[in-house]
Protein chains: 2
Amino acid sequence: MTEKHNKYQSGCPIAYGLDIFGDRWSLLVIRDMAIKGARSYGELLKGSEGISTNILAQRLKSLEESGILQKAKDPQNGRSFIYSLTQKGRDLAPVLADIAMWSAKHNKAGHAMTGFSDKVQADREGVISRIYAGELP
Amino acid sequence: MTEKHNKYQSGCPIAYGLDIFGDRWSLLVIRDMAIKGARSYGELLKGSEGISTNILAQRLKSLEESGILQKAKDPQNGRSFIYSLTQKGRDLAPVLADIAMWSAKHNKAGHAMTGFSDKVQADREGVISRIYAGELP
DNA sequence: TAGATCACTTGCAAAATGCAAGTAGTGAAT
DNA sequence: ATTCACTACTTGCATTTTGCAAGTGATCTA
C-alpha cells in the first residue's frame with residue numbers, strides 16, 4: 001500500500017485527512033462499513049445515498065490505496081469480495097461520531113438514521129470503542 | 001438564512017454534515033477561521049493551500065447560507081469585510097480536533113502545522129472549548 | 001487625483017461526476 | 001454442458017464542478 005493522494009499536500013493534519021476522505025462520498029462509504037456493517041460492493045452501492053457504480057469503484061480503490069480499507073475474496077462465494085475497514089479506517093470513528101453529534105444539534109429537519117445520533121449522544125465513548133473493535137455501534 | 005444544499009438529502013446525520021462541508025475546501029476555510037484566526041477574504045485566500053479566488057467566493061457564500069459563518073462590514077476599513085464563524089461553525093471544533101488526532105497517528109510524513117495536532121493531543125477538551133468560545137486554540 | 005488594495009466576477013479549459021449500458025468471471029439450475 | 005443469473009466491476013459520453021488568468025468596481029492612501 002502506497003500513500004498517494006498528495007495532490008494538495010501541505011503538511012497540515014486537516015489537509016492530510018481531507019486529501020484522503022475530503023469528498024462527497026468517501027466518508028459515506030466509511031460510514032456504511034463502520035455503522036451499517038456493509039461488506040460487499042452491492043451493499044455499499046445500495047447504502048450510499050445513490051452513489052454511482054463507477055464512483056464507488058473509484059473510491060474503494062482510492063480508500064484501499066490510502067490504507068483505510070482492505071479487500072479480500074469471500075471464501076463462501078467466489079464471485080464476491082469482502083471489504084473491511086483497517087484500523088486506520090476504524091480510527092475515523094470519532095470523526096463520524098462528532099459529525100453525527102453536530103448534526104443532531106444543528107439539523108432541525110433530521111429524521112432518518114437518528115439511531116446513530118441517539119447512540120452517540122447517549123454513549124459516545126462506547127460507540128467509538130465498538131467501532132474501534134470492528135463491531136457495529 | 002435558509003437551509004439549502006439538500007442535493008443529496010437523506011436524513012442521515014453524516015450526510016447532512018457532508019452536504020454542508022463535504023468537499024475539498026470548506027473544512028479548510030473553517031480551519032483557517034477556527035485555528036488560524038483568518039477573518040478577511042485575503043487572509044483566507046492566502047491560508048487555504050492555494051484555493052482559487054472563485055472557489056473561495058463560492059464556498060464563503062455557501063457556508064454563509066448554511067449558517068456556518070457570517071459576513072460583516074469592517075468598521076475600520078470600508079472596502080473590507082470581516083468573516084467570522086457562528087456557533088454552528090465553532091461547533092465543528094471536535095471534528096477538526098479528531099481529524100488532527102487521526103492524522104497525527106496515521107500521517108507518518110507530517111511535519112508542518114503539527115502545532116495544532118500537538119495542542120489537541122495534549123489537551124483536546126481545552127482546544128475545543130477555546131474554539132467554542134471564539135478564541136484561538 | 002493617481003495609484004494601490006480589497007473583494008470579488010468572468011471566461012474558458014480541464015477535471016471530476018453522474019448516468020446508462022456493457023463485460024467478465026463465478027455459481028446454480030436444467 | 002449449457003443456459004441463466006449474480007456480483008463486481010468498466011466504458012462512453014453528457015453534465016457539472018474546478019482551476020487558472022485576467023478583469024472590474026468600490027474604497028482607501030499619498
Side-chain angles (χ1 to χ4, degrees), chain A residues 4-10 15 18-29 32-33 36-66 69-85, chain B residues 4-10 15 18-30 32-33 36-66 69-84:
Chain A
K4 307 197 337 176
H5 300 284
N6 34 0
K7 192 171 173 189
Y8 296 93
Q9 206 57 298
S10 74
L18 293 178
D19 212 29
I20 292 177
F21 55 77
D23 67 273
R24 177 68 217 175
W25 298 110
S26 295
L27 263 187
L28 290 180
V29 168
D32 284 344
M33 299 181 71
K36 300 184 181 169
R39 311 202 129 256
S40 67
Y41 190 92
E43 287 174 317
L44 290 165
L45 199 57
K46 284 177 180 53
S48 285
E49 272 84 6
I51 188 173
S52 28
T53 173
N54 54 343
I55 303 296
L56 176 59
Q58 214 174 88
R59 288 300 176 278
L60 287 172
K61 192 181 170 201
S62 156
L63 289 171
E64 192 187 359
E65 284 168 353
S66 300
L69 53 82
Q70 57 204 169
K71 183 183 179 181
K73 284 187 179 172
D74 185 341
Q76 315 298 310
N77 184 343
R79 66 194 155 180
S80 142
F81 293 90
I82 296 177
Y83 289 95
S84 58
L85 293 174
Chain B
K4 307 197 335 176
H5 301 283
N6 33 1
K7 191 172 172 189
Y8 295 93
Q9 206 57 299
S10 74
L18 293 178
D19 212 29
I20 292 177
F21 55 78
D23 68 273
R24 178 69 216 174
W25 298 109
S26 295
L27 262 187
L28 290 181
V29 169
I30 295 166
D32 283 343
M33 300 182 71
K36 300 184 182 168
R39 310 201 131 256
S40 67
Y41 191 90
E43 287 175 318
L44 291 165
L45 199 57
K46 284 176 182 51
S48 285
E49 271 84 8
I51 188 173
S52 28
T53 174
N54 54 343
I55 303 296
L56 176 59
Q58 215 174 87
R59 287 301 175 278
L60 286 172
K61 191 181 170 201
S62 156
L63 290 171
E64 192 186 0
E65 285 167 355
S66 300
L69 53 82
Q70 57 205 167
K71 183 184 180 180
K73 284 186 180 173
D74 185 341
Q76 314 299 310
N77 184 343
R79 67 192 155 179
S80 139
F81 294 91
I82 295 176
Y83 290 95
S84 58

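The figures here come from the full heavy-atom set of this structure, side chains too, leaving out hydrogens, waters and symmetry mates. Every chain is numbered from 1, with letters handed out A, B, ... down the list of sequences.
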Seminar exercise, completed: When rounded to whole Å, the NZ to P distance for the pair B:K61 and D:dT17 reads 13 Å

Exercise. Under 3.5 Å, side chain of A:S66 to main-chain N/O of A:S62, donor-acceptor pair present?
Worked result: yes

Exercise. Within the structure, does a side-chain N or O atom of B:W25 lie under 4.0 Å from either OP1 or OP2 of D:dT18?
Worked result: no

Problem set entry | Integer-rounded Å distance: D:dC9 C1' and A:I51 CD1 | 13 Å

Seminar exercise, completed: Expected string for nucleotides 23-30 of chain D under the B/S/- scheme (protein heavy atoms, under 4.0 Å, primed atoms plus P, OP1, OP2 as sugar-phosphate) is ----BBS-

For this session: Verify whether one side chain among A:T53 and A:Y41 offers a donor that lies under 3.5 Å from an acceptor in the other.
Result: yes

Exercise. About how many Å separate CG of B:D32 and NZ of B:K46, when rounded to the nearest 0.5 Å?
Worked result: 12.0 Å

Problem set entry | Protein-nucleotide distance (B:L44, atom CG; C:dT5, atom C1'), rounded to Å | 16 Å

Exercise. Using 4.0 Å as the upper bound for N to carboxylate O, is an ion pair formed by A:D23 and A:R59?
Worked result: yes

Problem set entry | B:L56 CG to D:dC20 P, straight-line distance once rounded to whole Å | 14 Å

Problem set entry | Stepwise side chain to side chain contact (heavy atoms under 4.5 Å, CB included) check, B:L60 with B:K71 | CA-CA 9 Å; B:L60 286 172; B:K71 183 184 180 180; over 6 Å; no

Problem set entry | Between NZ on residue A:K73 and CD1 on residue A:I82, distance to nearest 0.5 Å | 12.5 Å

Seminar exercise, completed: Rounding to 0.5 Å, atoms CG (B:L69) and CG (B:L44) come to a distance of 8.5 Å

Problem set entry | Sequence-distant partners of A:Y83, side chain to side chain donor-acceptor pair (under 3.5 Å), two or more places apart | none

Sub-3.5 Å pairs of nitrogen or oxygen atoms, protein against nucleotides 8-12 of chain C:
unit_1, atom_1, unit_2, atom_2, d
C:dC8, OP1, B:K71, NZ, 2.9
C:dC8, OP2, B:Y83, OH, 2.2

For this session: Specify the separation, in whole Å, of atom NZ of A:K73 and atom P of D:dC9.
Result: 12 Å

For this session: Round to a whole Å and report the spacing from CG of B:D23 to C1' of C:dA16.
Result: 13 Å

Problem set entry | Results of side chain to side chain contact (heavy atoms under 4.5 Å, CB included) for B:S52 - residues two or more places apart only | B:N54, B:I55

Problem set entry | side chain to side chain donor-acceptor pair (under 3.5 Å) against B:S84, all qualifying residues, sequence neighbours excluded | none

Exercise. Which sits closer to the 5' end of DNA chain D, A:S80 or B:R59, going by the nucleotide each is nearest to?
Worked result: A:S80

For this session: With side chain to side chain contact (heavy atoms under 4.5 Å, CB included) as the test, would you mind laying out the steps for B:S48 and B:L56 before giving the verdict?
Result: CA-CA 9 Å; B:S48 285; B:L56 176 59; 5.8 Å; no

Problem set entry | Interatomic distance where CD1 belongs to B:I55 and P belongs to C:dA7 [whole Å] | 18 Å

Problem set entry | Divergence of helical axes at both termini of the helix from C:dT1-D:dA30 to C:dT30-D:dA1 - five pairs an end, 10° steps | 10°

